[in-house]
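The basis for the numbers below is simple: all heavy atoms, side chains too, and nothing from hydrogens, waters or symmetry mates.
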Amino acid sequence: MSIADIKKNAEQKMLKSIEAFKNELGKIRTGRAHPGILDQVHVEYYGSMVPLSQVANVTLQDARTINVQPWEKGMGAKIEKAIRESDLGLNPAAQGDLIRVPMPPLTEERRKELTKVVRNAGEDAKVAVRNLRRDANEQAKKLLKDKAITEDEDRRSQDDVQKLTDKTIAEIDKLVQGKEAEVLAV
């Protein structure tokens, strides 16, 4: 493994961390409807728990309502129960075969709680990035110890990995600020 491989590997993993963080932010509701909010809901389907998206079509009706259209007739009640029992605080209403999930407006207190959740998720993402930095630096140290690289190359590698880490953490901070503004917007 060369220094270029270490940097490339660290960069790819940091990009994956940002993508995972974006997915995490997508699950935090902001008062507007978003089909991704129901991604974590699982429904019992023939004895096993499956994601909602595998048993129903999830679409937006308008800015505050999600429509869930089960693919099988008997699944409506199970889907409605699964959404109600999830920790999302949603109250679905069945209308024939269609299930409507209205998004309740957020209270000021709930908005402040959600900003804390966003900040904590941001901190977790930063910790993951810092762990990737540590791993890359340890790999470079191992190459130095095995005399595969010089001390100057090791130092340069650490500087490059630090720049990459700083850039990634700045991106995470930007995402956190954007999501906080979205949550606090009335």
Side-chain angles (χ1 to χ4, degrees), residues 12-132 135 168-169 171-186:
Q12 288 174 344
K13 287 182 177 179
M14 287 183 188
L15 287 174
K16 286 180 184 176
S17 292
I18 287 179
E19 287 305 312
F21 180 56
K22 285 179 182 176
N23 288 338
E24 191 69 30
L25 287 181
K27 293 176 186 172
I28 298 173
R29 70 183 188 91
T30 58
R32 287 196 303 253
H34 182 278
I37 292 170
L38 298 178
D39 284 351
Q40 64 200 37
V41 176
H42 284 66
V43 182
E44 186 196 338
Y45 184 67
Y46 292 109
S48 62
M49 298 303 282
V50 296
L52 178 62
S53 60
Q54 292 183 7
V55 295
N57 192 19
V58 180
T59 57
L60 285 180
Q61 176 182 336
D62 56 43
R64 291 206 171 267
T65 311
I66 299 173
N67 284 343
V68 180
Q69 179 73 50
W71 293 330
E72 290 184 24
K73 287 244 185 234
M75 290 300 295
K78 290 180 181 179
I79 291 172
E80 192 177 351
K81 181 180 177 200
I83 293 171
R84 191 169 281 120
E85 290 177 353
S86 70
D87 61 349
L88 298 172
L90 300 174
N91 191 19
Q95 293 179 333
D97 288 343
L98 186 67
I99 300 168
R100 297 194 194 287
V101 185
M103 300 300 291
L106 295 174
T107 63
E108 188 63 31
E109 182 180 320
R110 182 69 179 135
R111 289 177 193 275
K112 288 179 181 172
E113 286 175 24
L114 286 175
T115 59
K116 289 178 186 172
V117 169
V118 169
R119 285 188 192 125
N120 287 339
E123 274 308 309
D124 291 345
K126 288 180 192 178
V127 167
V129 168
R130 290 181 190 123
N131 287 340
L132 292 171
D135 293 344
T168 306
I169 286 180
E171 175 76 17
I172 290 170
D173 285 338
K174 195 170 85 177
L175 290 169
V176 166
Q177 288 174 347
K179 189 65 173 188
E180 282 180 347
E182 189 179 328
V183 167
L184 291 174
V186 178

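Closest approach of G122 to I172, counting heavy atoms only: O-CG2, 3.8 Å. Of all the heavy atoms in H42 and P51, the pair that sits closest is CD2-N, 3.6 Å. Here the shortest heavy-atom pairing between S17 and A128 reads OG-CB, 4.3 Å. Pairing each heavy atom of V183 with each of R111, the nearest pair is O-NH1, 2.6 Å. The nearest pair of heavy atoms linking V43 to M75 is CG1-CE, 3.5 Å. When every heavy atom of Q54 is checked against every heavy atom of W71, the shortest pair comes out as O-CZ3, 3.1 Å.
Looking at residues two or more places apart in sequence or on another chain, you find no salt bridge (charged side-chain N to carboxylate O under 4.0 Å, His left out) involving E72. Take E19 and apply the salt bridge (charged side-chain N to carboxylate O under 4.0 Å, His left out) test, not counting sequence neighbours, and it matches K22. Every residue two or more places apart in sequence or in another chain was checked for a side chain to side chain contact (heavy atoms under 4.5 Å, CB included) with D124, and none qualifies. Applying the salt bridge (charged side-chain N to carboxylate O under 4.0 Å, His left out) test to K78 and every residue at least two apart in sequence or in another chain returns nothing. Contacts of E180 classified as salt bridge (charged side-chain N to carboxylate O under 4.0 Å, His left out), with partners at least two apart in sequence or in another chain: R119.
The neighbour count for K13 NZ, taken as heavy atoms of other residues, nucleotides or ligands under 6.0 Å away, does not exceed 12.
To the nearest 0.5 Å, atom OG1 of residue T115 and atom CG of residue L184 are 5.5 Å apart. The distance from atom CD of E123 to atom CG of N120, rounded to the nearest 0.5 Å, is 8.0 Å. Put simply, CG on N57 and CG on L52 are 10.0 Å apart, with the number rounded to the nearest 0.5 Å. Interatomic distance, Q69 CD to I79 CD1, rounded to the nearest 0.5 Å: 9.0 Å.
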For residues 91-102, run the donor-acceptor check on the side chains, cut-off 3.5 Å, and write out each pair with its distance to 0.1 Å, sequence neighbours left out.
unit_1, atom_1, unit_2, atom_2, d
N91, OD1, R84, NE, 3.1
N91, OD1, R84, NH2, 3.2
Q95, OE1, R100, NE, 2.2
Q95, OE1, R100, NH2, 3.3
D97, OD2, K73, NZ, 3.1
R100, NH1, Q61, OE1, 2.5
R100, NH1, N67, OD1, 3.1

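K126 is listed as a side-chain neighbour of D173, based on a closest heavy-atom distance under 4.5 Å. Annotation: side chain of I66 is not in contact with side chain of L90 (no heavy-atom distance under 4.5 Å).
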>> Evaluate K112 against E109 for salt bridge (Lys or Arg N to Asp or Glu O under 4.0 Å), listing each step before the verdict.
In response: CA-CA 5 Å; K112 288 179 181 172; E109 182 180 320; over 6 Å; no
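With salt bridges taken as basic N to acidic carboxylate O contacts below 4.0 Å, none links K116 and E113.
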